[in-house]
Amino acid sequence: MRKINERFVEETYSEDGMLTNFKVVAPDTFNFGYDVVDDIGDNDPDRRAMVWCNPEGEEHVFSFAEMRDWSNKTANFLAAQGIKKGDYVLVILRRHYQFWFVATALTKLGAVMVPATFMLKEHDLEYRLNECQASAIICTNVGDIADITDAVAPKCPSLKSRILVNGCGGGLTPLGEDGKMIIPEGAQLGAVLSGPEGICAAPVQREGWVDFNTGVREASAEFQRVETCIKDPMLMYFSSGTSGNPKMVLHSGEYAVAHLMTAKHWHNVQPDGLHFTIADTGWGKAVWGKYYGQWLMEAAVLTYDYDRFDADELLGLIARYGVTTMCCPPTMYRMFSQVDVDKYDFSTLQYSTTAGEALNPDLFDFWLEHTGLTIYEGFGQTETPLTIANLTGSTPRSGSMGKPTPMYNTKILDDEGNECKVGQTGEICIEVAHGAPGIMLEYYRNPAKTAEAIYDGWYHTGDTAWCDEDGYYWYVGRNDDVIKSSGYRIGPFEIESVMLEHEAVLECAVTGVPDPVRGKAVKATVVLAPGFTGGAALTKELQTWVKQKTAPYKYPRIIDYVDALPKTVNGKIRRAAIRENDEG
């Protein structure tokens, strides 16, 4: 073991073993690809990096040496496609193992990875490609994202390269009448779905696209280090808001190191353990729990390349692969609670965590009762790594976010910038005046939005909470109107914009309403255009309209028809008034 986690941070502990100080001290030349993946691959080559499997029965166990070699081959292949340092590359790869090759390769090249979900529709994808001025897209052939890319490519002038990955099933292999999977001609169920030679062996052909798997297999596994700086842009995510289109959250290489707090002190990842974070690679939670911090701890991650969530399917993986630590959003714990969890073997599972939305006390109690494990809640954003949490060694309070991590100076501030008193609700803010490694660099190409979030030496999260007398934070809600549903963050503006394109919709306000499974369900309050009448038929039509225009998880499950929307004196829609009426 290399003890890499001790190289790039300074830590101190109290007499009772609690973390009291955490400071990133990585050198300017730090690069996650070279200084973590390659270091382990060179010096501890057989150490397990990832266990990957899918519903089709394919399974691969990757060592760090293999991750080194495959990422080098990928870097050489991408460089041959013209991708270079400073380029922005949109990556849509579901949970395919190729994501880890690509993520590491782009870091080695000094390019900026821009992950996105496979559920995007045309206007979503066109906006993202143009806003980040992506020079290339690397996407899966599983599902319809390649079709959508072809449809919008003529309207995206920066896009020079389209690279296609054969995802070999991705949990979407159809079933025959006998209930068995219909395996493509020439392939067999199991380890050869990717072709007779295994990794990246299944080619794919599509006009206008370059075949990733073939190109990577043919590339050299030797790659000369590119000079990069830890403060260079490395990663960017789109984050939905309530006004305007999604913002682009830009991170430097320090973000990777900062996730040691996530993996070591919250997930409680151990070097010889197997960590399972249930997240698609299009979302920030994937690199929180399936990449940076876990590999800095020299630990392996479990990845299940599935399409539809199935509680029984996922719970069965814990004993099958010997999962030791697990993180998933409260919605998934709730879905687990609706099946017979007592029939599963949790003997290997040592630690459970959650993030993405507030954890309901009943789920905390349920998991403890049936598994004997406490759920340790944590909090962060697309703009940050872990910032508030019930860290290892702490005593969680059901319903509390925990306490601020010692990596940052975090306070709850009122509207005047003063620290709130005990029990007083205010905004969670993080001091950035003297540097805060891991906090976003900026909202890319949007200085106005950046200035709204970072000012007077503080990053303003937009999330509100109050603190009790013992320092525990209790979440209240967003300053804005973002809806958290089934672990997704949904911006009302995007849905409203789509609905307003329909001839029947005159005005629309989208809000979240309480839902026992999803946390929040999307609701649209609609004022109809003259000549239209609300009813079940129109509701179904509008829901289908949204599903066709944007990612399906965003569609309004509830549509309410009203004569007028509540508004302020200057004409702004008062979504808060709608929520208050729904909840009260």
Side-chain angles (χ1 to χ4, degrees), residues 11-23 258 261-262 265-268 288 327 329-330 353-365 374-440 452-482 484 489 519 576 583:
E11 301 170 328
T12 55
Y13 297 83
S14 64
E15 291 183 358
D16 59 358
M18 290 299 297
L19 183 71
T20 57
N21 180 64
F22 184 97
K23 181 181 179 182
M261 175 66 71
T262 306
H265 298 293
W266 176 49
H267 286 159
N268 201 22
W288 276 53
C327 186
T353 48
T354 193
E357 53 194 322
L359 178 69
N360 304 107
D362 65 318
L363 292 179
F364 182 95
D365 296 337
T374 296
I375 299 176
Y376 288 75
E377 187 172 354
F379 168 83
Q381 301 178 309
T382 307
E383 292 86 345
T384 75
L386 183 74
T387 56
I388 301 166
N390 295 282
L391 298 181
T392 56
S394 67
T395 303
R397 293 183 178 176
S398 178
S400 169
M401 307 161 70
K403 298 180 180 181
T405 70
M407 183 161 54
Y408 304 120
N409 178 27
T410 303
K411 302 289 185 184
I412 298 176
L413 304 181
D414 63 20
D415 292 340
E416 284 71 46
N418 301 311
E419 186 172 2
C420 291
K421 300 176 182 178
V422 170
Q424 178 186 356
T425 295
E427 184 179 22
I428 302 169
C429 298
I430 301 168
E431 186 179 12
V432 295
H434 305 293
I439 304 299
M440 70 168 181
E452 289 178 12
I454 302 176
Y455 58 91
D456 295 337
W458 294 86
Y459 164 60
H460 294 252
T461 67
D463 283 289
T464 58
W466 58 274
C467 180
D468 66 21
E469 62 278 3
D470 296 316
Y472 286 84
Y473 278 32
W474 302 79
Y475 187 74
V476 174
R478 286 289 297 167
N479 277 340
D480 53 25
D481 300 305
V482 170
K484 291 186 177 181
R489 291 173 56 82
E583 296 175 1

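Everything quoted here is computed from the prediction, not taken from an experiment. The basis for the numbers below is simple: all heavy atoms, side chains too, and nothing from hydrogens, waters or symmetry mates. Quick note: residue numbers are just sequence positions, from 1.
Side chains of Phe364 and Pro396 form a contact here, defined as non-hydrogen atoms less than 4.5 Å apart. Counting heavy atoms from C-beta on, the side chains of Met261 and Leu19 come closer than 4.5 Å. Here the side chains of Ile430 and His460 are not in contact, with every heavy-atom distance at 4.5 Å or above. Residues Trp288 and Cys327 are not in side-chain contact: their nearest non-hydrogen atoms beyond the backbone lie 4.5 Å or more apart. Put simply, the side chain of Gln381 does not reach to within 4.5 Å of the side chain of Met440, judged on heavy atoms. Taking the side chain as every heavy atom from C-beta outward, Met407 and Pro385 approach each other to under 4.5 Å. Contact check for Trp458 versus Leu413: side-chain heavy atoms found under the 4.5 Å cut-off.
Applying the side-chain contact (heavy atoms from CB on, under 4.5 Å) test to Cys467 and every residue at least two apart in sequence or in another chain returns Ile412, Tyr473. Under the ring pair (Phe, Tyr, Trp, His ring centres under 6.0 Å) criterion, Tyr13 pairs with no residue at all, not counting sequence neighbours. In terms of the ring pair (Phe, Tyr, Trp, His ring centres under 6.0 Å) criterion, Tyr459 has no residue partners (sequence neighbours excluded). By the side-chain hydrogen bond (donor to acceptor under 3.5 Å, both in side chains) test, Asp16 pairs with Ser14, sequence neighbours left out. The side-chain hydrogen bond (donor to acceptor under 3.5 Å, both in side chains) check on Glu452 picks up nothing, with sequence neighbours excluded. Residues satisfying the side-chain contact (heavy atoms from CB on, under 4.5 Å) criterion with Glu416, sequence neighbours excluded, are Asp414, Asn418. Legend: residues meeting ring pair (Phe, Tyr, Trp, His ring centres under 6.0 Å) with Trp474, ordered by chain and number and at least two apart, are Trp466. For the salt bridge (charged side-chain N to carboxylate O under 4.0 Å, His left out) test, residues two or more places apart in sequence or in another chain that qualify with Lys411 are Glu419. Here Glu427 pairs with nothing under the salt bridge (charged side-chain N to carboxylate O under 4.0 Å, His left out) rule; sequence neighbours left out.
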Quiz item: Can you list the steps and then say if His265 with Glu11 is a side-chain contact (heavy atoms from CB on, under 4.5 Å)?
Solution: CA-CA 11 Å; His265 298 293; Glu11 301 170 328; 2.8 Å; yes

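Side-chain atoms of Thr425 and Thr464 form no donor-acceptor pair, as typed in the model, at a separation below 3.5 Å.
The distance from atom CD1 of Ile428 to atom OH of Tyr475, rounded to the nearest 0.5 Å, is 7.0 Å. Rounded to the nearest 0.5 Å, atoms OG1 (Thr353) and CG (Leu391) are 11.5 Å apart. Rounded to the nearest 0.5 angstrom, Cys429 SG and Asp463 CG are separated by 10.0 Å. Atoms CD1 and OG1, from Ile388 and Thr405 in turn, are 8.0 Å apart once rounded to the nearest 0.5 Å.
Pairs of residues two or more places apart, or lying in two chains, never qualify as salt bridge (charged side-chain N to carboxylate O under 4.0 Å, His left out) while including a residue from residues 377-388. Screening residues 378-415 for ring pair (Phe, Tyr, Trp, His ring centres under 6.0 Å) gives no qualifying pairs among residues at least two apart or on separate chains. Applying the side chain to side chain donor-acceptor pair (under 3.5 Å) definition to pairs two or more places apart or across chains, those involving residues 387-402 are Arg397-Asp468, Arg397-Asp470.
Heavy atoms only, all atoms of each residue included: Ala436 and Glu431 are closest at CB-O, 3.8 Å. For the residue pair Ala355 and Gly378, the shortest heavy atom distance occurs at CB-O, 3.4 Å. Minimum heavy-atom separation, Ala258 to Gly438: CB-CA, 3.9 Å. Here the shortest heavy-atom pairing between Pro404 and Gly471 reads CD-O, 4.1 Å.
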